[in-house]
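Just below is one structure, and these are the notes that go with it.
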Amino acid sequence: MLRRSKPVKPARAKPGPGATLRPRRISATHTTAGAMPDFSTQRLGRYALRHAQVLLSTLGRLYRNPLTSLMTAAVIGIALALPTGLFVALANVQQISGGFDSAARITLFLRASVDDSQAAGIAKQLSAQKDIAKASAVTRAQALEEFRQLSGFGAALDALDENPLPAVIVVQPANADANTPESVQALLERLRLMPQVELAQLDLQWVKRLYALLALGQRGILLIAALLGLSVLLIVGNTIRLDIQNHREEIEVIKLIGATDAFVRRPFLYSGFWYGLGGGLIAWLLVNGALALLRGPVQQLAGLYGSGFNLSALGAATSLLLLALSTALGLLGSWLAVGRHLDAIQPS
């Protein structure tokens, strides 16, 4: 009987020096958990890369049309510079009026029988009370000297045999708020009943009027800012609308081959982003330039009044807020324009 020989497997040919090796396919079952690719991270990276590409390409397209882009950003910057400048001016006025609360003080004119030592003791007792921040005594000689300097009647005062002015106590309330003067008024009535006091005087009305004017200025600036913010939305929206109309045929073609609305919308949104950011930078330059021009004359005027006041420029927080608001207005204006006009363009 003949034996059947076993089939011989053909030898695998070794790859030559110029051949390329084909990598073995490894199934997901043979892949360890640590070697599995993070698809969410990859997807996020691709998403960020696409946005970065559109962001830079949109900036390049605006750079290739410098005059049109600069004019649009300049109009936005001028519209934003007005409320920003008014806000800075109001902040400087509030800085000047920062010490006006201390001006809401009560002046106690003591009786002629009260001497300087007694006035100092009364002032010390008043300073210990909770609703009084500070009480300082003005002697009769100090009051006469101050009256001599302020009145201009120095020669007439020299002719007097004795000092006719009483001792004075200046009381600074602890809660001297111009908006809520009820507690100060109650303190005034209580001090007026003291037996050593001849006359108690409080002048808070002009401080209340000043704070009312400042509140009115704040409300007016907010109203102007809202109106000019609406104008920025209209400017950006109209610019994006014209841009959409200029690319109408291109939009129809890319929609015809399956582009999504998000893909078509993205470059127009980034155009609004750059318009808003550019307008914010121009507004920042305009406001700081105006403050630089006014700083010298303001310092000279303050020096004539014996004050060391300096104009405060835009701080870091205010500058960042200006850029953030301008960029947000640009994005919002472009979003509204794209949402309204892009849906009307459909491939035929």
May I have the step-by-step check of side-chain contact (heavy atoms from CB on, under 4.5 Å) for V197 and R111, ending in yes or no?
CA-CA 6 Å; V197 176; R111 298 184 183 275; over 6 Å; no
Passing candidate, side-chain contact (heavy atoms from CB on, under 4.5 Å) with L325, options L322, L321, T327
L321
Tell me, yes or no, whether the heavy-atom count around E189 atom CD, taken from other residues, nucleotides or ligands under 6.0 Å, exceeds 12.
yes
Starting from the C-alpha separation in whole Å, work towards a yes-or-no answer on side-chain contact (heavy atoms from CB on, under 4.5 Å) for I76 and V236.
CA-CA 8 Å; I76 296 173; V236 175; 3.5 Å; yes
Kindly check if the number of other-residue, nucleotide or ligand heavy atoms within 6.0 Å of CZ (F87) is above 12?
no
With a 3.5 Å cut-off and no angle check, do the side chains of S69 and R64 form a donor-acceptor pair?
no
Give every donor-acceptor pair under 3.5 Å between a side-chain atom in residues 274-296 and any protein atom, sequence neighbours left out.
unit_1: W274; atom_1: NE1; unit_2: L55; atom_2: O; d: 3.2
unit_1: W284; atom_1: NE1; unit_2: S319; atom_2: OG; d: 2.9
unit_1: N288; atom_1: ND2; unit_2: W284; atom_2: O; d: 2.8

Any side-chain heavy-atom pair of Q129 and R190 under 4.5 Å
yes
Measure from the side-chain N and O atoms of D116 to the backbone N and O of A167, and report whether any donor-acceptor pair falls under 3.5 Å.
no
Just by modelled atom types, is the L331 backbone N or O under 3.5 Å from a matching donor or acceptor in the S334 side chain?
yes
Is L188 linked to F109 within one hydrophobic cluster, defined over Ile, Leu, Val, Met, Phe, Trp and Tyr using a side-chain heavy-atom separation of less than 4.5 Å?
no
Indicate yes or no: at least one non-hydrogen side-chain atom of T107 is less than 4.5 angstrom from one of L199.
no
Spell out, as yes or no, whether a donor-acceptor pair under 3.5 Å connects the side chain of S312 to the backbone of N92.
no
Rounded to the nearest 0.5 Å, what separates atom CZ in R61 from atom CG in D243?
4.5 Å
Calculate, to the nearest 0.5 Å, the distance between atoms OG1 and CG belonging to T139 and D115 respectively.
11.5 Å
